[in-house]
Amino acid sequence: MEKLILIDGNSIIYRAFFAMPPLNNSSGLHTNAVYGFTNMLLRLIQDEKPSHIMVAFDAGKVTFRHEGYEDYKGGREKTPSELTEQFPLTRELLDSFGICWFEQPGYEADDIIGTVSKQAEEAGKEVLVVTGDKDMLQVVSDKVKVALTRKGISEVEPYGPQEIKERYGLIPEQIIDLKGLMGDASDNIPGVPGIGEKTALKLLHQFGSVEEVLARTDELKGKMKENLVQHAEDARLSKRLATIHREVPIDRSFDDMIFRGLKEEKAAPMLRKLEFKSLLERLAFGEGTEASEAADGSVELEEVDVTVVDDTTLTELVKQLPKIEVMYVESHGDNPHQAEVMGLILSTEEQHFFVSNEFLLSEAAKPIREWLADPQHPKAGYDLHRADLALYWQEISFAGAEHDIQLAAYLLDPTDNNQTISGLAAKYKLPSVPSDDEVYGKGAKFKIPDQETLSRHLARKGLAMLRLIPLQKEELKKNEMNRLFYELEMPLSRILADMEKQGIAVNREALAELGREFEAQIEKLETRIYELAGLEFNLNSPKQLGEVLFDKLELPVVKKTKTGYSTDAEVLDKLAPYHEIVQFILEYRQLAKLKSTYVEGLLKEIRPDTGKVHTYYRQTIAATGRLSSQFPNLQNIPIRLEEGRKIRQVFVPSEEGWHILAADYSQIELRVLAHISDDKGLQEAFLHDMDIHTKTAMDVFGVTQDQVDANMRRSAKAVNFGIVYGISDYGLSQNLHITRKEAAHFIEQYFEAFQGVRRYMDEIVQEAKRDGYVTTLLERRRYLPEINASNFNLRSFAERTAMNTPIQGTAADIIKLAMVMMDEVMRKHGLKSRMLLQVHDELVFEVPPEELETMNKLVPETMEKALKLSVPLKAEVSSGINWYEAK
DNA sequence: TTGCTCACG
DNA sequence: ACGTACGTGAGCAAG
């Protein structure tokens, strides 16, 4: 069937402008909105494959709507000139793409789209309308879908009649009634005072239309009735204003809207003028790329040769083994401890060798396994950490990792969200590598392909890796990251794998018993809650819980989420005085979390063969340089509340009579801040090893140590947290439940007392604006492209990130250094103790009794000398028969 | 798959 | 136009 895409040009460009960071070409032309628009357009073309496209624009300032209502769209901010200049550019771009656009004085883009969609529907075409304006939902029908933009313009959410029904409980035509009642501040449409979306929907569900509501106000009561009677005319007017006019005179035919694909000779010069290099690349209009891509996005791939290793070709490989430059183990499954190895590729400049897992495990492949296990054979490849683990569980050793492409890519840009070989190949403009999803299918569709397809895919990866390595080496050097990469992250990668293979023992019976205790309490709470509510419902459903609390029990609504009432702990705390049910719900939540996540979740992760849990530390996820932990996450085991803290009792030594030893850094982030800000007061406090929150309270409130009460210390502690996070008065006010003004006052007092910190915060933001990135003490780098955004939120977020990342990231650098040093020192002393876990500022070991004394000294000493700062680092150690007791 | 909630540093 | 403290992962409900 023919498919027509109708785009509200004004709406999309407007949104793109605010969603995208500023961008201009070398002649100073602002291009961010055009860029966002073009990106979306190309994505739509690729995904929807339309036969027809038209883009509608608003023309002129005054429309027929102003005739009935002069204030229509009154009170709007003037459009910034940076945006205005991008409208003609967009039209020019559409011309160069051969895409039809249209505007009609006196009408808005809405009306044009309404008219064309109606005509198209009548002509039997399928229509997709793309806009950011919810009003448009009124034109939805079986044939016409409306895609609303979300999160700026990066995503769209398609609405058909069904989706509108689900979201609002209305038919599309009723959208105008909704608007009539609630109005629209952005268009200065008044609506009825006191009626928002919630009430409007309730009324429409009862009466069906604005007219019907107004005719039957006698069935209503109270303030709402008064408002409806008094503002009846406003409601009628608002409904008229919101109604899309579907009979606009339009001098374009469907034939004008036919889309025939991009023509390089027309589109490319325009894209070059705008300097949209990435789009030119994507469309393969430029030259120099070895793979050619057609305008519809399909890619023609280069051929690769690959030698499948079997009994006859093995000798050929064995001869080449010393010359292998890159390797890659393909495995399937998220958890590398349970991943299924699909095959191995070993590449030289001349040749790619594919080794199936079956062959790798066979007797004949012994030389390959020996090569993998030999640390004297240095290896480069992609995600060697995962390879190590996947091979380990099928009893193949791995050693000698020297350059991990994934890890290098992470250091070069930790926030790059496509650190796959395929993504990196595209980023560096190498011959393209199809994505794994394309080759294997994703989700339920995943399938291991035939050997030829698999080996060819892996050979392409091999080729890309060969090319990537020298490029990365050069960039690492340029960024002064050689030490960080070769002396910290690469060695750490092997240490993490060792810790993960070791795992930590879990007392299954004790855990199950805890689960039974939680369950008994949960059952009691459930009974009590259902009694108080007067009905049984799914307590785990925020939606149902919201209905019980706010509709049935009519508790005051404190906060809303996108989809309904918020019922989070903060809200429940506020509701506690109103109804005793609330306290029980809070307790239920706490215990339900413990049972499902920490008892049942953990039980599932215990490996039957080892009786341990083997977490997987991901070294390439966190933007700040921290590790993350999965399957299970052992970095968020409860500690703050006693009930949850008990979970730690089940983490035990794996050998009889051994001890669990835990050591954590004291105030590492504030110590790092004292160092990098060079704030004398803060440094002084740590040199004397003072209680930092008390010291902060003294300076902020201008009192002596004796005068600091618990409340002052608590506030000071919150301020210290805030400082580390990149403080905002709003954030602090939320945390301390004080007004924004009071929070701002606190912050000002803090900065008066710690002027070095103020200077640091100012300078780091300036640095980020100048360089586009911030760094840690070890030159770990994080780019902040939104630091110069005109959008306040985006910019503010980037500014707070600029303040926080060097602090959090340097702390991460330090504990990573400590881990590498600990590993080395334990080897040197020939200790049997084992490092098991890292929890951001804490290291956990299991220690035989005869080494306890040694480790009690060695661990904190090593941690404290990991990096020399202008203030001492302090680590506190403790041990016990399980993790709980090591406190 | 997305959104909510909540566990940790 | 839009909503916030920084950084994560997991379980559950519901689309």
Side-chain angles (χ1 to χ4, degrees), chain A residues 11 14-15 17-19 76-77 132 149-152 155 157 162-163 166-167 185-186 414 443 538-546 561-572 586 589-590 592-598 600-602 604-605 615-616 618 621-641 644-645 647-648 664-665 668-669 718-719 721-736 740 743 747 782 790-797 799-809 811-812 815 838-842:
Chain A
S11 168
Y14 204 74
R15 268 155 206 273
F17 179 75
F18 288 106
R76 271 207 180 176
E77 296 271 324
T149 53
R150 292 201 312 192
K151 297 186 185 169
E155 287 169 42
E157 188 175 13
Q162 186 56 32
E163 286 76 18
E166 279 158 13
R167 171 82 166 74
S186 72
N538 187 344
L539 250 174
N540 292 322
S541 160
K543 185 161 171 274
Q544 294 185 32
L545 178 61
T561 67
K562 232 185 287 184
T563 52
Y565 305 116
S566 170
T567 66
D568 64 24
E570 202 189 316
V571 168
L572 295 181
L586 280 164
R589 279 257 175 94
Q590 191 199 329
K593 175 87 177 176
L594 292 175
K595 179 156 182 277
S596 76
T597 304
Y598 296 104
E600 285 157 4
L602 208 51
K604 276 188 233 152
E605 295 291 344
T615 192
Y616 170 45
R618 299 194 63 182
I621 295 296
T624 53
R626 279 190 175 183
L627 300 176
S628 86
S629 157
Q630 282 180 315
F631 317 126
N633 181 354
L634 293 182
Q635 292 182 320
N636 70 347
I637 301 301
I639 189 165
R640 291 172 192 168
L641 301 173
R645 191 173 195 157
I647 297 284
R648 294 184 174 228
D664 67 304
Y665 280 113
I668 188 167
E669 292 188 334
V719 173
F721 269 94
I723 290 295
V724 169
Y725 291 157
I727 201 154
S728 72
D729 49 10
Y730 179 86
L732 185 64
S733 73
Q734 291 296 300
N735 191 291
L736 282 177
R740 215 163 146 150
I747 295 168
R782 178 176 183 177
S790 56
N791 179 314
F792 173 81
N793 282 325
L794 292 178
R795 190 178 61 245
S796 303
F797 188 24
E799 287 171 358
R800 292 195 296 273
T801 310
M803 300 184 224
N804 170 265
T805 296
I807 301 172
Q808 194 184 117
I815 194 164
Q838 188 252 44
V839 194
H840 308 307
D841 66 354
E842 175 186 15

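Below, chains carry the letters A, B, ... as their sequence lines are ordered, and counting in each starts from 1. Keep in mind the model is a prediction, meaning the values are calculated, not measured.
Among the protein residues, Phe631(A) comes within range of the sugar-phosphate backbone only, with heavy atoms under 4.0 Å from sugar or phosphate atoms but none that close to a base. The residue Arg740(A) sits close to a base: some heavy atom pair falls under 4.0 Å. Contacts of Gln544(A) with the nucleic acid, taken as non-hydrogen atoms under 4.0 Å apart, involve only primed sugar atoms and P, OP1 or OP2. When heavy atoms are screened at a 4.0 angstrom cut-off, Ala623(A) is found touching the sugar-phosphate backbone but no base atom. At the heavy-atom level, Gly601(A) lies under 4.0 Å from the strands shown only through sugar-phosphate atoms. Within 4.0 Å of Ala718(A), counting heavy atoms only, lies at least one base atom of the nucleic acid. Among the protein residues, Ile807(A) comes within range of no part of the nucleic acid, since none of its heavy atoms lies under 4.0 Å from any strand.
Between the side chain of Asn804(A) and the main chain of Gly726(A), no donor-acceptor pair closer than 3.5 Å is present. Distance alone, capped at 3.5 Å, places no donor-acceptor pair between the Gln630(A) side chain and the Thr615(A) backbone. Within the 3.5 Å criterion, the main-chain N or O of Pro638(A) finds a donor-acceptor partner in the side chain of Arg648(A). A donor-acceptor pair under 3.5 Å links the side-chain atoms of Ser11(A) to the main chain of Gly132(A), judged by distance alone.
The OH-P distance, from Tyr14(A) to dC2(C), rounds to 10 Å in whole Å. Met803(A) places its CE atom 10 Å from the C1' atom of dA5(C), with the value rounded to the nearest Å. Per the geometry, CD belonging to Gln838(A) stands 13 Å off C1' belonging to dG7(C), to the nearest Å. For the pair Asn540(A) CG and dA14(C) P, the interatomic distance rounds to 9 Å; values are reported in whole Å. Rounding to whole angstrom units, CG of residue Asn735(A) and P of dT4(C) are separated by 15 Å. Between Leu545(A) atom CG and dG3(B) atom C1' there is a gap of 15 Å when expressed in whole angstrom units. Per the geometry, OH belonging to Tyr616(A) stands 15 Å off P belonging to dT8(C), to the nearest Å. If you measure from atom CD of Glu600(A) to atom P of dG9(C), you get 22 Å, rounded to the nearest angstrom.
Here CG of Asn540(A) is found 8.5 Å from CZ of Arg589(A). Values are rounded to the nearest 0.5 Å. Taken from CD1 in Ile637(A) to CD1 in Ile647(A), the straight-line distance is 7.5 Å, to the nearest 0.5 Å.
Nucleotides dG3(B) and dT4(C) have their P atoms positioned 13 Å apart, rounded to a whole Å. The P atoms of dC2(C) and dA7(B) are separated by 31 Å, rounded to the nearest whole Å. For dG3(C) and dC8(B), the C1' atoms lie 25 Å apart once the distance is rounded to whole Å.
The 12-atom threshold is not exceeded at CZ of Phe721(A), counting heavy atoms of other residues, nucleotides or ligands nearer than 6.0 Å.
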Check: Under a 3.5 Å cutoff on both atom distances, Watson-Crick or G-U, what's the dot-bracket for DNA chain C ([ ] crossing, | other strand)?
Finding: .....|||||||||.
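Mapping Asn793(A) and Thr801(A) onto DNA chain C via the closest heavy atom, the residue that lands nearer the 5' end is Asn793(A).
In this structure, the salt bridge (charged side-chain N to carboxylate O under 4.0 Å, His left out) partners of Glu669(A), at least two apart in sequence or on a different chain, are Arg626(A). For Asp729(A), the salt bridge (charged side-chain N to carboxylate O under 4.0 Å, His left out) test picks out Arg740(A), with sequence neighbours left out. With sequence neighbours excluded, no residue forms a salt bridge (charged side-chain N to carboxylate O under 4.0 Å, His left out) with Lys593(A). For Glu163(A), the side-chain contact (heavy atoms from CB on, under 4.5 Å) test picks out Tyr159(A), with sequence neighbours left out.
The shortest distance between the side-chain N/O atoms of Asn538(A) and the OP1/OP2 oxygens of dA13(C) is below 4.0 Å. Here Ser541(A) reaches the OP1 or OP2 of dA14(C): one of its side-chain N or O atoms lies under 4.0 Å away. For Arg800(A), a side-chain nitrogen or oxygen approaches OP1 or OP2 of dC6(C) to under 4.0 Å.
Nearest nucleotide to the side chain of Thr597(A), out of dG11(C), dG9(C), dA14(C): dG11(C). Minimum atom distance to the side chain of Phe797(A) is reached by dC6(C), of the listed dA5(C), dA1(C), dC6(C). Residue Gln630(A) has its side chain nearest to dG9(C) when only dA5(C), dG9(C), dT4(C) are considered.
With hydrogens and angles ignored, no donor-acceptor pair under 3.5 angstrom links the side chain of Asn804(A) to the base of dC6(C).
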Next item on the list: If a protein heavy atom is under 4.0 Å from the base, mark B; if only from the sugar-phosphate, S; if neither, -; do that for nucleotides 4-9 of chain B going 5' to 3'.
Entry: SSBBBB
